[in-house]
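Each chain gets a letter, A, B and so on, in the order the sequences are listed, and its residues count up from 1.
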Protein chains: 2
Amino acid sequence: MPHVKCKGHCYTCPVRHQSIFSELPEDTLEETIKDFHTSVLTYESGETLFRQYDDSSESAFTLRKGLIKVTKSLPDGRTQIVRILVAGDLFGFDGFANESYNNTAIALTDCEVCRLPMAELAVLRKSMPGIDQSMVARLIKNVRQSEDMLLELGAKKASEKLASFILRLSLSDQNLSFSVDSLQGKPGSEWAKLHLSRSEIGSLLGLTIETVSRFFSDWKRKGFIQEEKGSIQILDAEGLKDAACTQGACN
Amino acid sequence: MPHVKCKGHCYTCPVRHQSIFSELPEDTLEETIKDFHTSVLTYESGETLFRQYDDSSESAFTLRKGLIKVTKSLPDGRTQIVRILVAGDLFGFDGFANESYNNTAIALTDCEVCRLPMAELAVLRKSMPGIDQSMVARLIKNVRQSEDMLLELGAKKASEKLASFILRLSLSDQNLSFSVDSLQGKPGSEWAKLHLSRSEIGSLLGLTIETVSRFFSDWKRKGFIQEEKGSIQILDAEGLKDAACTQGACN
DNA sequence: CGATCGTTTGATTAAAATCAATCTGAGTGG
DNA sequence: CCACTCAGATTGATTTTAATCAAACGATCG
């Protein structure tokens with residue numbers, strides 16, 4: 001059950017400058033939304049914010065704190081994680097094109113989100129041109145990320161998927177990290193310690209828990225990686241690449 | 001080699017009303033772009049419009065006629081088709097966020113595109129608010145489609161991927177079709193007869209030609225589908241689903 | 001007619017899923 | 001504090017799935 005914390009205020013918003021509203025003059029924005037039905041909601045780790053199909057998409061959300069996984073599932077339960085949301089991300093805006101959510105959002109950590117009715121977001125988009133512009137920028141990044149992921153899922157072998165994944169996380173300035181250096185210090189990141197289970201890693205890469213576990217165990221034995229309290233460190237990136245990837249497949 | 005046909009004019013554009021410029025008042029648009037460096041280019045089937053990485057993304061394109069596949073590849077040549085473009089689609093706009101193209105665009109049929117320098121599209125976006133709005137709408141649709149595809153690639157078995165694929169095409173009003181009913185009659189669709197080779201279907205679904213061929217042969221023998229001059233018809237959708245899909249996986 | 005390209009089909013191998021035990025560690029309650 | 005439980009994770013054995021290797025087929029083209 002989400003807990004309503006309060007009505008949201010832009011000037012106190014921790015992720016204001018990472019959101020799609022970042023470019024807008026603060027006073028104008030605050031003035032415009034003063035009669036809007038925004039609210040700040042909190043969810044506990046594991047809670048579902050909305051589900052594909054069965055909810056009608058009447059609200060969009062901005063993530064203030066925490067991490068959220070966005071998934072899609074087949075009727076028999078097989079699930080694919082399609083994206084992981086970090087502070088500042090806008091999500092649940094399917095309502096623009098379709099009445100129901102196209103995916104499911106589940107809190108990976110305790111979360112705080114700002115909810116905004118779709119209709120009111122639509123008004124904002126009309127009245128403040130900058131919003132569409134930042135949405136375009138974000139959506140393009142989104143599309144690019146999805147395309148990259150399609151290549152991961154469609155063209156790579158299990159070991160390559162896994163190696164790319166942990167390498168990407170360990171580098172990543174703009175991406176997620178197990179140890180989340182990239183998020184450290186940024187507003188809204190206090191609760192953002194990413195910890196994915198084997199099952200979630202599998203669900204992200206289209207693999208089973210066993211396959212994930214086997215490769216990780218193997219790489220630990222070989223000294224390429226190490227893991228402590230759920231956080232993976234890469235000890236020998238070159239060795240890992242040599243062992244897991246055909247030339248260039250993991251860069 | 002692309003052939004420059006002429007400078008583009010919006011009022012003669014066959015896909016004007018399917019493009020991101022559809023909502024704009026015609027005269028204003030034409031007036032605004034009159035000094036722009038638009039040009040209409042033609043490409044033959046098989047030609048590459050741009051390649052991931054090695055081109056700097058200085059132009060965006062609108063597809064006027066024909067079909068284009070957008071792909072991503074690994075260094076060793078393994079290739080994933082990430083999207084198929086139809087008349088009216090805007091593409092190659094990676095320049096907004098990044099200097100180089102994130103993917104490769106290859107003509108599936110003879111094509112006609114309208115090329116617009118990124119810098120000028122940026123001007124348009126600033127001066128005509130509606131453009132960002134239609135871009136948002138399209139990009140959302142794009143994201144949704146990519147998410148769907150991630151589920152296909154990450155969670156489904158070969159037979160399910162293939163069955164979903166041909167079922168989707170055969171229904172599809174808004175999607176692509178082998179026989180392309182959905183496009184028939186729409187402006188710009190004259191050259192839009194989709195014919196994908198086994199290898200391209202494989203590259204779209206993350207399978208090999210042999211696997212594609214085997215399932216299709218099997219389904220022909222069983223009378224679920226038939227194929228004539230490259231166009232697949234579904235004879236028994238229920239039978240196909242029963243044979244190829246776990247409950248609900250192919251709807 | 002031979003050459004070529006895409007497809008089909010078969011045989012074999014490799015990869016990953018599945019099935020089945022165990023193991024581990026973090027709570028829980030006696 | 002010590003069993004006990006439970007959810008993940010690991011490991012092994014086995015099966016299934018799809019890739020790979022290999023050959024042949026069929027249409028099209030110069």
Can you identify which nucleotide, out of [options], has its nearest atom closest to the [X] side chain?
| X | options | result |
| --- | --- | --- |
| A158(B) | dA19(D), dA18(D), dA9(D) | dA18(D) |
| E210(B) | dA16(C), dC21(D), dA19(D) | dC21(D) |
| T211(A) | dA17(C), dA19(D), dT11(D) | dA17(C) |
| S213(B) | dA19(D), dA17(C), dT7(C) | dT7(C) |

Over how many whole Å does the gap from [X] atom [atom1] to [N] atom [atom2] extend?
| X | N | atom1 | atom2 | result |
| --- | --- | --- | --- | --- |
| R78(A) | dA16(C) | CZ | C1' | 15 Å |
| I232(B) | dT7(C) | CD1 | P | 11 Å |
| K156(B) | dT16(D) | NZ | P | 23 Å |
| K220(B) | dT7(C) | NZ | P | 10 Å |
| L207(A) | dT18(C) | CG | C1' | 14 Å |
| R198(A) | dT18(C) | CZ | P | 19 Å |
| F215(A) | dT11(D) | CZ | P | 14 Å |
| K157(B) | dT15(D) | NZ | C1' | 13 Å |

Considering every strand and a 4.0 Å limit on heavy-atom distances, what is the contact class for [X]: base, sugar-phosphate, or nothing?
| X | value |
| --- | --- |
| I209(B) | nothing |
| G206(A) | sugar-phosphate |
| K161(A) | nothing |

Side-chain N or O of [X] versus OP1/OP2 of [N]: is the shortest distance under 4.0 Å?
| X | N | answer |
| --- | --- | --- |
| S199(A) | dA9(D) | no |
| S217(A) | dA9(D) | no |
| T208(A) | dA17(C) | yes |
| S197(B) | dG6(C) | no |

Check: R214(A) side chain, dT18(C) base, donor-acceptor under 3.5 Å: yes

Can [X] and [Y] be counted as having a side-chain donor-acceptor contact under 3.5 angstrom?
| X | Y | answer |
| --- | --- | --- |
| S45(A) | E47(A) | no |
| Q80(A) | T71(A) | no |
| S100(B) | Q52(B) | no |

From CA spacing to verdict: side-chain hydrogen bond (donor to acceptor under 3.5 Å, both in side chains), E147(A), S146(B): CA-CA 7 Å; E147(A) 288 175 352; S146(B) 299; over 6 Å; no

Sub-6.0 Å ring centroid separation between F61(B) and F93(B): no

